[in-house]
Every structure is written in structure tokens, then in C-alpha cells.
Protein chains: 2
Amino acid sequence: MINRESAQEPGTAERIRDSAATLFRQKGFNGTSMQALATAVGITKSSLYHHYPSKQALLAEIIEVTMSRVTPLVREIAQSDLPATGRLHRALTLHTVESIRERDYVACFSEESRYLSPTFMETHRKKKGEYESLFQKVIEEGIDRGEFLEQDSGLATMALLGMCDSVIRRYRPTGEYAPDEIAATFADTAVRGLGARDTERAAAGEVTR
Amino acid sequence: MINRESAQEPGTAERIRDSAATLFRQKGFNGTSMQALATAVGITKSSLYHHYPSKQALLAEIIEVTMSRVTPLVREIAQSDLPATGRLHRALTLHTVESIRERDYVACFSEESRYLSPTFMETHRKKKGEYESLFQKVIEEGIDRGEFLEQDSGLATMALLGMCDSVIRRYRPTGEYAPDEIAATFADTAVRGLGARDTERAAAGEVTR
DNA sequence: GTCTATAGGCGGATAGAC
DNA sequence: GTCTATCCGCCTATAGAC
């Protein structure tokens, strides 16, 4: 049994998905036409519909693939054996690095998912909630153990994920900052923002990706 | 000389602008048709063009109005006589409260400005840079005076503004949090994230709006 | 699996009457 | 300042040949 997906040559469906993610991030979902996508891929507009039943389904697929890939990685960190401070730092670093490394896909997830039709949206909302609750639980544990200051964990989760998500809009690959540098700095600022005592030790458990 | 703009009854141009801001935030610039806007205002599509020459000009006007209103308020705080920590806290609180209170307009500024045509974009980029540099300068002063930890002020500005901007996407007016509460909490988290020693004193200079 | 051709509607914008 | 009528191009999506 050969696993085509994880292998070398990308199939047409995957090339379409990649180009779509890039265009959706650059021009927005509603600013990208199927014609423009077809041109980018190098096939005709009609051929797209052989691989995906609709533009909506294509967006949904991009988002789904992203969630399915990143969620387990964050879950593993969140459920590991470190102090909450270290787990939060590692999870946020991973989240931020992925947001830069796979920015086309992640941008579709965080910026363009609002254009999902009601059917797709329902599924998406649930999975996104589960993903963010991974972070919130770590924050709650950190508060309970006295690693972080007493505070509302919902607002804290909003603040920290909002901060890290912003790299998608603000990061420029030509810029002066390396992805790892940004991710580490953001995670530092984040855990310090919750009132963590020893940011240094938290950073020690950094992910290298 | 009567100032029409600041008075009671909004003219048609202003009603169009308000409706447009609401729709652009909800459905996105490219997801909002001139027909939908006309219906929301209660006039015909053609009548819109008597007040604004194009959809682009309408978006540009919304963004311009927002910048012109908020920038002086932040500038006054940034150039006031408080320690950097207090100035940053007050400025971020104002920024966040405004992002909630005038979310339709601010969302057009922060989320939809990317759809501006090159002509309008150039002007916008400059003014946005000036606005954000107000925050960056306060952060730099805070670092120089030892109020904040030694760090890259550009990344810090990205992180903090990204965090506060996220309320636009994440805040739900039906939610459990009051605007002031969110703004104060975010500002607390932000200045703490830079390593400010006394967040309490910073919060003392809170804005009430 | 890709193509040509086309359906059928909606997009932004304009002309010109009142 | 608002209307009706209209231009024309582009939109998503489908039919059906190869």
C-alpha cells in the first residue's frame, strides 16, 4: 500500500489545493476567481471541478487539512509532562512557527474560514473550539498551580492566540526577522504576559522545527 | 458656520458610509455588492454613485475617517507626561476600546484595507505606519529607561498591536465580557509581556471612554 | 482527466429623465 | 438627489466531446 499523499510528486488535486491556498491568502476567498486559480495551476477552469465539487468545498478542504495536521502536534505538547509554563511556551511557539511556515494554509484557516457556507462552518467551528481549548486548558492549569497570575482564562486565550495569529498578516518573508526568532519572542512575550515567573526556564523547552 | 458632520441627523452620505462599514465587516469588501449596500440604506444602487464615485473610494473614505479620528487621541497619550508603562497601557486600552466600540469602522481599517487599490493603498500604508510608530516609540522609550526588558521594539509592537487587534475578530457583543473589561485586561497582559515591573501602577492611569 | 462551449446570473458602473 | 434602464464583463458551475 503506497501512501501517495506523503510522497514526492504532488497530484493535480494537491497542486490545485496549494495554489488555491496561496491565492486565497493573497487576494482573499471572494477576491479569487476559479479562472485565476485555473490559470495559476495551468489547467482550465472546468478541470478544477473534476477534482473539487465547488469553490466552497475547496476552501473547506484546505482548512480541514490544516487543522488535522496541527491539532495533534499541539495536543501532544499540551498533554506532556512539563510545567504549564513550558507547555504553553512550546505550544505557542509551534503555533506561531506553523503560521509562518505554512502561512498560505493557516491564513485560509484563520482569515478566510469566515466565508465558509453554513454547512461547512458548523464542522469548522467545533474543531476550532477544540483546538483553542487545548491552549485554554494549559492556561487554566497554570493559573491553578500558581504559575500564572489569577485571571480569566478565556480572555487570556483570546489575547495570546490573537497575538500569535497576527504574524500571518504582519510577517513579511523579506523582513529582518527569522521565523524561529519571531515565534520564540512572541511566546516569551505571551507567557510573561500571563505573569509567569521564570520565562527563561520556559524557553529552555523550545521546539525546533 | 454650522458643522454638519458632528451634528445630530446624519446625511445620506454618512448613512451610506455606516452601512457600508457594517457590511464590509460582516461579509468582507469583496463579499458585499453595491446592490446589497443600496438595499441596506434604502435607496437604489445608482444613487450610491451620486455620493461616492466608486466602491473603492467608499472603502478608502471609511478607512481615512477612522485613522483621522483615532490617531490624534493616541498621539496625545503617547506624548503625555507619564512613564512609558502608563502611556503604553493607556494607548493600548484606547486602541482596544475603540476597536470594540467602533468595530465596523475599525474592522474595515484593519481587515479590509488590503483590498484597497494601489492608489489608495499608498496613502493608507503611510498613515498606518505613522500610527503604529506612535506605539513603537513609547515602547522604545520604555526599554531605554529600563521600564521594559531589553528587546526588539519592532517585534514587540507587532505582538501587542496584533493582540489588541484580535478583539475585532474574537469579540462577540453577546459574550460574557464588557468592552472596558477586555481592553483593560489586554493592556495589562501586554505591558506585563514587555516585562514591566509594576502593572498595577500602569493600570491606575486608565482611560474612561 | 482535460478540453470547448455555454448557461444563467450578478458584478460595478453609467446615461439620462424627473 | 433619486429614479429606471441598460451596458458589458466576469462569476460559478454544468454539459458533453475526446
Side-chain angles (χ1 to χ4, degrees), chain A residues 2 4-5 7 9-63 108 112-121, chain B residues 2 4-5 7 9-63 108 112-121:
Chain A
I2 299 167
R4 280 270 236 78
E5 285 305 311
E9 297 273 314
T12 307
E14 200 176 337
R15 286 196 301 125
I16 292 172
R17 220 181 51 196
D18 286 350
S19 291
T22 303
L23 287 171
F24 289 168
R25 176 181 66 79
Q26 287 173 347
K27 312 270 189 186
F29 178 71
N30 284 320
T32 303
S33 69
M34 293 298 267
Q35 179 58 67
L37 174 57
T39 303
V41 178
I43 58 179
T44 62
K45 200 170 50 161
S46 301
S47 298
L48 296 175
Y49 289 90
H50 177 77
H51 299 277
Y52 298 93
S54 69
K55 197 183 171 188
Q56 275 287 332
L58 181 47
L59 175 60
E61 172 77 6
I62 290 169
I63 292 170
C108 289
E112 307 300 324
S113 63
R114 56 191 284 232
Y115 298 116
L116 283 172
S117 62
T119 322
F120 292 117
M121 182 61 91
Chain B
I2 300 167
R4 280 270 234 78
E5 285 305 311
E9 297 272 314
T12 307
E14 201 177 335
R15 286 196 299 127
I16 291 172
R17 221 180 51 197
D18 286 349
S19 291
T22 304
L23 286 171
F24 290 167
R25 177 181 66 77
Q26 287 173 349
K27 312 269 189 186
F29 178 71
N30 284 321
T32 303
S33 69
M34 293 299 266
Q35 179 57 67
L37 173 56
T39 303
V41 178
I43 59 179
T44 62
K45 197 170 52 159
S46 301
S47 298
L48 296 175
Y49 289 90
H50 177 77
H51 301 278
Y52 297 94
S54 69
K55 196 184 173 188
Q56 275 286 331
L58 182 47
L59 175 60
E61 173 76 7
I62 291 170
I63 292 171
C108 289
E112 308 300 323
S113 63
R114 57 191 284 233
Y115 299 117
L116 283 172
S117 62
T119 322
F120 292 116
M121 183 61 93

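Scanning all heavy atoms of the two residues, the minimum distance from B/Ala57 to B/Ser54 falls at N-OG, 3.1 Å. Nearest approach of B/Leu23 to B/Ala40, heavy atoms of both residues: CD1-CB, 4.0 Å. Of all the heavy atoms in A/Leu59 and A/Cys108, the pair that sits closest is CD1-CB, 4.3 Å. Listed here is the closest heavy atom pair of B/Lys27 and A/Asn30: O-ND2, 4.2 Å.
Protein atom OH of B/Tyr49 is 5 Å distant from nucleotide atom C1' of C/dA13, rounded to whole Å. Taking atom NZ on A/Lys45 and atom C1' on C/dA7, their separation rounds to 11 Å, with Å as the unit. The distance between atom CG of B/Leu58 and atom P of C/dG12, rounded to the nearest whole Å, is 11 Å.
Along DNA chain D, the stretch of nucleotides lying under 4.0 Å from any heavy atom of chain A spans, 5' to 3', D/dC11 to D/dA15.
Looking at heavy-atom distances under 4.0 Å, A/Ser33 makes contact with sugar-phosphate atoms alone, never a base.
In terms of polar N and O atoms assigned as donor or acceptor, the side chain of A/Ser46 comes within less than 3.5 Å of the base of C/dA5 in a complementary pairing.
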* Run the numbers on A/Leu58 and A/Leu37 for side chain to side chain contact (heavy atoms under 4.5 Å, CB included), then give the verdict. => CA-CA 11 Å; A/Leu58 181 47; A/Leu37 174 57; 3.5 Å; yes

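Between B/Tyr115 and B/Phe29, the ring planes lie parallel to each other; the angle is under 30°, not in the 30° to 60° tilted range.
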